[in-house]
Amino acid sequence: MKKIAQHVKQLKPNPRILFNEQEIVDIKARIEESERGSRIDFKAMWNKSLELAELYVVEKEFTVLYPSCTVQLDIPLPLVQLEPIGDPPGYTDYPFWTMYSRAVEERIRILSFAFGMTKEKRFATKVKEYLIALSSFTRWFEFPYRGAEGNLSNAHFTIGAAIGYDAIFHTLDSSEKNMIKNAILTKGLQPFKSDFNDHDSHNIIASKRVAMLIGSLSILDSDNSEEVEPFISNSCTYIKNYLENRMMDSDIEGLLYLNVAARHILMAVDTYHRSTGHDEFLKHPYFRFLPDIFIYTLGTGGKSSFVNFSDSFYSLDISYLMAIIASKNQNRIASWYMNKFAESHLETLLNANNIPVPLEPDKYYKNKNSHVFSTIGWACLRSGWMENDHLLAFNSSQSAKNHNHFDQNNFVLHVAGEWLLTNPGYQDYVEGSRRDFTIGTIGHNSMLVDGKGQSQLGKSKFVDWYTSDNFSFVVGESADTYDGNISQWERKILHIDKCYFVIVDKVVKKDKNSVLSFLFHTNAQIYASKENILPGEMTEKTHIKFVGDAASASLYCCYPKDSTKSVEIHKGAEDYGPYLQVVPIDNEQQQYVITILVPEVSQNELEYSITKDESRFYMKVNRKSMIDYILLNEARASFWQTTSNEEIGLQGEQGWISFQVADNMPSKFSVVNGSWLKVQGITIFQSTEAINISYLSNNRGSQLQLEVLKDTQFWLKTPEITSLVINDEKHLPDYKTEKGILELNLSPGIYEIDITI
């Protein structure tokens with residue numbers, strides 16, 4: 001790590017951890033700009049931070065809440081080491097010190113910033129009080145027999161002490177400096193030596209490595225360089241590997257812990273940049289990817305709400321993450337989030353410096369509303385980010401971390417600001433019904449086999465996917481999560497015309513008499529026709545509605561024709577709401593179940609028909625002024641398929657063709673792994689090799705998206721062309737006037753084609 005050693009030799013003077021003197025000048029300028037009508041109200045943020053600092057200066061005690069175990073601790077000041085409390089019922093080694101240390105870190109952070117901004121001695125005096133108290137602790141970790149292993153308190157105490165020491169450095173005398181420096185070294189850094197060879201990406205390990213770097217940079221000087229530099233080198237190596245691994249590692253613990261780890265990693269690399277002047281870590285590609293997963297998993301409408309897969313919550317504060325990435329990397333989608341949702345607190349004020357002009361998601365992502373994060377096994381199929389849009393998020397992941405659930409091939413649905421198909425979110429750690437529900441398959445929109453859920457974490461993956469403007473799909477395989485009683489469970493979810501979803505479940509059972517149960521959880525009211533179906537009741541209707549406060553979702557049980565549908569509630573976990581259970585009545589070894597799911601802001605009744613031929617399905621769906629034809633080959637191979645009247649034929653794995661009711665030609669279509677589409681005997685497109693194609697036409701022309709894997713000749717039926725643009729470059733069209741066909745010779749690649757007629 002020669003480069004790291006060179007950077008450390010260029011260490012900046014204190015303060016260099018939370019802010020430097022120039023940044024204080026810049027922050028004051030932002031506050032003044034805010035008074036003149038800035039998009040973000042920095043003045044309000046400063047006033048709030050100052051009010052908190054004023055409160056922290058005079059408080060005689062503070063309270064720490066533990067909602068998960070309904071405990072409240074009143075912490076007297078000046079601070080003294082927290083005595084053992086005893087585990088709440090059902091817990092072992094309950095980590096009381098985590099929230100306790102976070103509360104201390106927050107107070108030091110706020111007070112340090114207030115001192116930096118005002119230079120008022122009383123803020124520095126209170127920070128010093130905390131630092132002297134922490135220096136008197138016997139340890140900064142909670143459980144003596146575990147040392148620094150497996151808890152976050154030593155990370156929070158180390159970061160807090162580092163921030164405070166750095167911020168008030170010039171107010172301390174030499175004996176005070178030595179006492180606090182020694183505490184950071186002996187109580188903070190040295191216990192972290194046990195992690196030197198731990199390369200795990202777990203959020204606790206990441207947090208401790210970050211604390212190691214921040215603590216080291218805060219106290220490093222010529223007197224202690226031999227002792228401290230190994231901690232800097234080790235933490236930098238970990239962070240470098242962490243960033244590289246995040247680009248290809250399948251593990252994810254949910255958005256809550258992704259945010260926790262990313263926040264700490266960003267804190268470290270930002271501190272490294274501020275302390276040394278070098279930004280290699282900040283410019284890593286991971287920080288270009290990171291905003292995308294939060295923006296794609298963001299609910300629709302005007303409120304910030306996120307997918308709660310694994311141990312997570314709908315509400316997450318990602319302002320720090322977005323502020324750093326917007327400011328330091330000039331990321332315009334992070335800037336959009338900051339302008340729309342930023343929390344009014346210190347971190348936004350500290351880090352939202354010189355953020356770029358925001359760009360809305362549909363423009364930033366160029367209308368690519370759906371995205372498949374194949375490495376981690378998450379997919380987001382959405383119509384957009386506006387008030388009346390919808391999002392379906394689907395997971396089929398290899399990740400088997402402690403914070404993951406038994407929830408593979410599970411999905412959630414958000415419509416116009418409401419979660420209509422839900423997950424329980426963070427697991428309950430106390431053994432019993434609530435834990436079974438929150439971590440088990442029974443609490444998720446997944447599948448039971450003979451009443452039993454998944455027994456293995458992870459062991460799932462996406463086996464196929466495709467996204468385009470108007471047609472996307474993803475296929476997850478999760479059979480290995482069960483106890484060997486099924487050999488295959490492919491769940492395919494298709495998003496049709498940003499309007500509705502088709503869910504195709506293919507299950508191969510070891511025993512054809514095994515009973516499959518498909519679950520749909522909700523906090524909404526459940527209706528069949530106009531009848532409200534309550535827990536314990538059944539319905540024979542095939543159309544079920546989940547009715548929320550402002551939106552709804554319709555579920556159509558399309559195939560097989562016969563199934564039992566009941567509304568259930570899990571005893572002991574009633575507050576999580578009811579769920580619809582659909583059990584197909586079909587003793588087939590290879591069981592297919594097809595469901596249509598329609599997100600609705602207004603009432604939209606669909607009509608559908610479905611025909612099965614071995615592993616091939618043909619569906620016809622009538623919706624308003626459109627008719628959709630969907631052809632699927634669940635053997636997942638290119639095959640010649642036709643509708644029952646042979647009006648449509650295609651060579652491909654699957655296809656969707658959409659007609660305006662008043663028209664005789666398709667206005668939209670997609671074909672996956674295909675080479676030929678015929679409608680009413682007319683060839684619409686043909687290619688010499690299998691391609692993926694998505695097509696949209698109007699009276700001005702058409703737009704195509706093509707994915708080509710081999711050198712291919714391609715022909716498209718189209719009216720005479722006046723302009724041809726391929727990947728933003730104009731081309732002279734090779735147009736066969738007598739046949740009305742455009743011919744293209746394409747090498748492997750992805751093509752965005754605009755045709756003007």
Side-chain angles (χ1 to χ4, degrees), residues 246-247 249-259 261-262 285-310 312-319 321-322 325-326 329 331-341 358-397 399 410-423 462 465-476 493-495 498 501 599 705:
R246 294 283 61 71
M247 302 299 292
D249 195 337
S250 62
D251 286 337
I252 183 168
E253 298 180 274
L255 294 181
L256 170 65
Y257 287 103
L258 178 65
N259 183 39
Y286 178 63
F287 297 124
R288 292 199 297 270
F289 153 82
L290 196 58
D292 293 348
I293 190 168
F294 285 99
I295 298 300
Y296 272 109
T297 55
L298 176 68
T300 61
K303 184 180 178 182
S304 174
S305 184
F306 294 93
V307 170
N308 65 341
F309 289 155
S310 296
S312 193
F313 305 105
Y314 291 136
S315 179
L316 299 173
D317 183 359
I318 62 169
S319 297
L321 181 155
M322 291 299 189
I325 294 175
N329 292 349
N331 185 293
R332 295 183 69 185
I333 196 65
S335 178
W336 170 82
Y337 185 89
M338 291 298 298
N339 277 270
K340 191 172 178 67
F341 298 116
L359 193 61
E360 295 178 352
D362 57 343
K363 294 178 181 176
Y364 182 84
Y365 296 116
K366 298 179 180 179
N367 290 320
K368 292 178 171 56
N369 297 329
S370 294
H371 192 84
V372 175
F373 297 95
S374 57
T375 302
I376 60 172
W378 286 24
C380 300
L381 307 176
R382 60 188 309 145
S383 60
W385 284 264
M386 302 299 285
E387 291 289 335
N388 292 331
D389 280 316
H390 60 256
L391 158 69
L392 184 146
F394 175 55
N395 73 302
S396 191
S397 175
S399 185
N410 159 63
F411 65 90
V412 292
L413 178 69
H414 193 261
V415 184
E418 293 186 71
W419 291 103
L420 292 178
L421 292 177
T422 58
N423 270 190
F462 290 157
W465 63 87
Y466 171 72
T467 62
S468 66
D469 287 355
N470 293 293
F471 176 84
S472 300
F473 78 90
V474 60
V475 184
I493 302 183
L494 303 98
H495 194 197
K498 294 186 283 193
F501 301 92
Q705 295 169 271

Between Asn369 and Asp362, is the side-chain hydrogen bond (donor to acceptor under 3.5 Å, both in side chains) condition met? List the steps. CA-CA 7 Å; Asn369 297 329; Asp362 57 343; over 6 Å; no

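Taking the six-membered ring where the residue is Trp, Tyr296 and Phe373 present perpendicular rings, their angle passing 60° and hence far from 30°. Taking the six-membered ring where tryptophan is involved, the planes of Tyr365 and Trp385 are essentially parallel, since the angle between them stays under 30° and well short of 60°.
Scanning for side chain to side chain contact (heavy atoms under 4.5 Å, CB included) contacts around Thr300 gives Arg382, Asp389, His414, with sequence neighbours left out. Scored by the ring pair (Phe, Tyr, Trp, His ring centres under 6.0 Å) test, Tyr337 finds Phe341 as partners (sequence neighbours excluded). With sequence neighbours left out, the ring pair (Phe, Tyr, Trp, His ring centres under 6.0 Å) criterion links Tyr466 to no other residue. Residues passing the ring pair (Phe, Tyr, Trp, His ring centres under 6.0 Å) test with Tyr364, sequence neighbours excluded: none. Residues that satisfy the side chain to side chain contact (heavy atoms under 4.5 Å, CB included) test with Glu387, not counting sequence neighbours, are absent from this structure. Partners of Asn388 under the side chain to side chain donor-acceptor pair (under 3.5 Å) rule, at least two apart in sequence or in another chain, do not exist in this structure.
A donor atom on one side chain and an acceptor atom on the other are found under 3.5 Å apart for Trp419 and Ser305. For Asn395 and Ser397, the side-chain atoms include no donor-acceptor pair closer than 3.5 Å.
Without hydrogens or angle criteria, Ser383 side chain to His390 main chain gives a donor-acceptor distance under 3.5 Å. No donor-acceptor pair under 3.5 Å is formed between the side chain of Asn329 and the backbone N or O of Asn331. Between the side chain of Asn339 and the main chain of Ser335, a donor-acceptor pair closer than 3.5 Å is present. Under a 3.5 Å cut-off, the side chain of Ser472 and the backbone N or O of Ser468 do form a donor-acceptor pair. Of the possible donor and acceptor atoms, one in the side chain of Ser312 sits under 3.5 Å from a partner among the backbone N and O of Leu256.
A 4.5 Å side-chain heavy-atom check between Asn259 and Leu321 finds at least one atom pair inside the cut-off. In this structure, the side chains of Leu298 and Ser304 come closer than 4.5 Å at one or more pairs of heavy atoms.
Here the rule is side chain to side chain contact (heavy atoms under 4.5 Å, CB included) with His495, and of Phe471, Phe501, Phe473 only Phe501 fits it.
The 12-atom threshold is exceeded at CE of Met247, counting heavy atoms of other residues, nucleotides or ligands nearer than 6.0 Å.
The aromatic ring centroids of Phe394 and Trp378 lie 6.0 Å or more from each other.
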